[in-house]
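Below, chain A is the first sequence line, B the second, and so on; all start at residue 1. Being a predicted model, the structure only gives us computed values, none of them experimental.
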There are 2 protein chains.
Amino acid sequence: MKSNKHPTNFPSADHDHRRCVASALDKAESYCAAQGVRLTKLRHRVLELIWASHRPVGAYDLLQQLTLEGHKAAPPTIYRSLDFLLNNGLIHRINSLNAYVGCEHPGLDHAAQFFICGACGQAAELDDARIESAIIGHAKRIGFTIERKTIEVSGTCANCQDQQRDRQG
Amino acid sequence: MKSNKHPTNFPSADHDHRRCVASALDKAESYCAAQGVRLTKLRHRVLELIWASHRPVGAYDLLQQLTLEGHKAAPPTIYRSLDFLLNNGLIHRINSLNAYVGCEHPGLDHAAQFFICGACGQAAELDDARIESAIIGHAKRIGFTIERKTIEVSGTCANCQDQQRDRQG
DNA sequence: ATAGCAAATGTTATAATATAACGTAACATA
DNA sequence: TATGTTACGTTATATTATAACATTTGCTAT
């Protein structure tokens with residue numbers, strides 16, 4: 001039995017990947033056009049690969065994909081694209097995994113908090129106001145000026161817990 | 001002028017390093033004795049070096065220190081000690097820096113949240129109940145079981161901001 | 001004390017992640 | 001189309017971390 005009792009940002013197993021990837025790429029194209037920055041073929045493809053995987057993916061995994069596609073790529077190729085995508089807020093880096101994941105709200109001001117499921121490998125991006133304000137509040141109290149935040153919570157998502165229960169009877 | 005208006009976990013510039021290191025090592029010794037695990041010479045020395053630096057320190061920095069001291073050390077030497085110290089809660093790993101820092105509350109159950117100053121390089125360990133409960137609350141709402149949390153906020157601490165202001169007049 | 005075992009460390013090699021430096025190609029625009 | 005800038009290709013190397021196996025150390029039971 002599949003539980004729907006929890007609202008979650010984890011994509012359901014049966015959602016339409018293709019539409020979801022296409023939509024992300026559309027948004028990215030609009031955003032880059034609006035900003036006057038160039039979402040080149042390579043950058044576009046890298047972003048597409050990241051979204052297609054639908055979970056945090058390593059730089060060298062991407063490199064391998066490109067190589068399989070006949071693109072003669074070396075590490076700098078991929079890291080430069082990743083830098084561009086990071087700088088333009090189109091992807092996030094998951095520090096605890098050394099991996100990269102598509103940003104769900106490119107162009108919008110948002111906190112990037114991640115719940116990462118070790119079972120399915122998926123990362124849900126949140127913008128929880130209470131987490132955000134608790135952090136900002138603490139920073140204010142100690143007079144700390146925030147530049148970057150890394151909020152990554154690892155564990156097991158509701159779907160995967162259900163599946164584990166199902167398997168065990 | 002030095003500001004004291006902010007309560008903070010950042011050690012003041014004039015605090016007594018030596019006492020602070022000694023105290024951390026004492027605690028570590030008691031803790032290991034109580035747990036029946038062995039804080040060997042090597043592990044003790046690694047922990048001492050981490051505390052002495054008083055900011056997050058990289059594995060290869062530690063390695064270099066040991067080498068300078070005449071210890072013929074290779075990477076596994078240091079990583080094994082780091083693993084031991086991590087597993088026993090005597091240090092934390094700062095994912096956003098690939099670096100290790102002494103734990104301020106070994107043996108106690110606590111959230112490990114870090115505010116990391118890019119200017120002085122120091123990392124303040126917090127246990128802010130509101131941050132913690134905001135995260136736990138969100139996890140509950142989405143049915144997520146938490147295993148590990150990485151909460152790292154980078155920026156500039158109050159002391160360093162004061163100093164920057166002083167320099168600029 | 002010492003034989004035997006487990007834990008810790010030494011040693012060599014290599015994996016995984018990331019960047020430096022410099023040359024070439026593509027693109028924008030005057 | 002000349003010109004400058006941005007992106008990309010290419011080679012080399014830096015940085016962080018682990019695998020695999022040999023040796024030593026220290027604990028425990030006799």
With under 30° as parallel and over 60° as perpendicular, where do the rings of F115(A) and F144(B) fit, or are they tilted in between?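 Judged by the thresholds at 30° and 60°, the geometry between F115(A) and F144(B) is perpendicular.
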Can you label the angle between the H17(A) ring and the H54(A) ring as parallel, tilted or perpendicular, going by 30° and 60°?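 Rings of H17(A) and H54(A): perpendicular, as their planes differ by over 60°.
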With rounding to the nearest 0.5 angstrom, report the [atom1] to [atom2] distance, [X] to [Y].
X: S154(A); Y: I94(A); atom1: OG; atom2: CD1; value: 9.0 Å
X: S81(B); Y: L90(B); atom1: OG; atom2: CG; value: 11.5 Å
X: K149(A); Y: Q113(A); atom1: NZ; atom2: CD; value: 8.0 Å
X: E132(A); Y: R130(A); atom1: CD; atom2: CZ; value: 14.0 Å
X: Q122(A); Y: N159(A); atom1: CD; atom2: CG; value: 8.0 Å

Between [N] ([atom2]) and [X] ([atom1]): distance, integer Å:
X: L62(B); N: dT15(D); atom1: CG; atom2: C1'; answer: 14 Å
X: I78(A); N: dA16(C); atom1: CD1; atom2: P; answer: 17 Å
X: L63(B); N: dA14(D); atom1: CG; atom2: P; answer: 16 Å
X: L39(B); N: dG26(D); atom1: CG; atom2: P; answer: 14 Å
X: D83(A); N: dC8(D); atom1: CG; atom2: P; answer: 12 Å
X: N98(B); N: dA14(D); atom1: CG; atom2: P; answer: 18 Å
X: Q64(B); N: dA14(D); atom1: CD; atom2: C1'; answer: 14 Å
X: D61(A); N: dA15(C); atom1: CG; atom2: C1'; answer: 14 Å

Is the ring of Y60(B) stacked on the base of dT16(D), with centres less than 5.5 Å apart and planes under 30° off?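 Per 5.5 Å and 30° rule: yes, stacked.
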Taking atom CG of D109(A) as the centre, report whether more than 12 heavy atoms of other residues, nucleotides or ligands fall under 6.0 Å from it.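 It does not: D109(A) CG has 12 such atoms or fewer within range.
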Criterion side chain to side chain contact (heavy atoms under 4.5 Å, CB included) on V46(B) and L85(B), from CA distance to verdict: CA-CA 9 Å; V46(B) 170; L85(B) 297 170; 3.9 Å; yes
Is there a salt bridge (Lys or Arg N to Asp or Glu O under 4.0 Å) between D162(A) and R165(A)? Walk through the geometry before answering. CA-CA 5 Å; D162(A) 286 348; R165(A) 263 192 295 276; 2.9 Å; yes
Pairing donors with acceptors under 3.5 angstrom, does anything connect the side chains of E29(B) and H44(B)?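 Distance-only check passes for E29(B) and H44(B).
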Tell me, which of residues 115-125 of chain A have any heavy atom that sits under 4.0 Å from an atom in DNA chain C?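 The stretch gives none, as no residue of it lies under 4.0 Å from the strand.
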How would you summarise protein contacts on nucleotides 24-30 of chain C per nucleotide, using B for base, S for sugar-phosphate only and - for none, with heavy-atom distances below 4.0 Å? ---S---
Nucleotide-resolved protein contact map, nucleotides 9-14 of chain C, B/S/- at heavy-atom distance under 4.0 Å: BBBB--
